Amino acid sequence: MQVSINKAKASLSKLVGLAANCEEVIITQAGEPVAKLVQYEKTMQPRPLGLLKGQIVISDSFYNNSEIYKLFYE
């Protein structure tokens, strides 16, 4: 679907609804395409817990460091 920028301003909610339902909306200015409104697709997958378990070691001196203690607890 193509729509002029002026009509897009007046009917943005309708156009967003069309895009959300997988319809591509081309916005034109002076008859030339200037923007495309498409459905948003989530691409980030949740990270599994424990992915680096056993690969990272935190030294005991980290927990006994007074400067680090101050950063977190004071």
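Start at 1 with the first residue, then count along the sequence. Treat the numbers as computed from the prediction; the structure is a model and nothing was measured. Hydrogens, waters and symmetry mates play no part in the numbers below; they use all other heavy atoms, side chains included.
Taken together through direct or relayed side-chain contacts under 4.5 Å among Ile, Leu, Val, Met, Phe, Trp and Tyr, Ile58 and Leu49 form parts of separate hydrophobic clusters. Criterion: ILVMFWY side-chain heavy atoms under 4.5 Å apart, direct or through other members. Under it, Met1 and Leu12 are part of a common hydrophobic cluster.
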Using distance only, find each side-chain donor-acceptor pair of residues 13-33 under 3.5 Å and give its atom names and separation, not counting sequence neighbours.
residue, atom, partner, partner atom, Å
Asn21, ND2, Gly17, O, 3.2
Thr28, OG1, Val3, O, 3.4

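Residue pairs meeting the side chain to side chain donor-acceptor pair (under 3.5 Å) criterion with at least one partner in residues 33-59, sequence neighbours excluded, are Ser59-Ser61.
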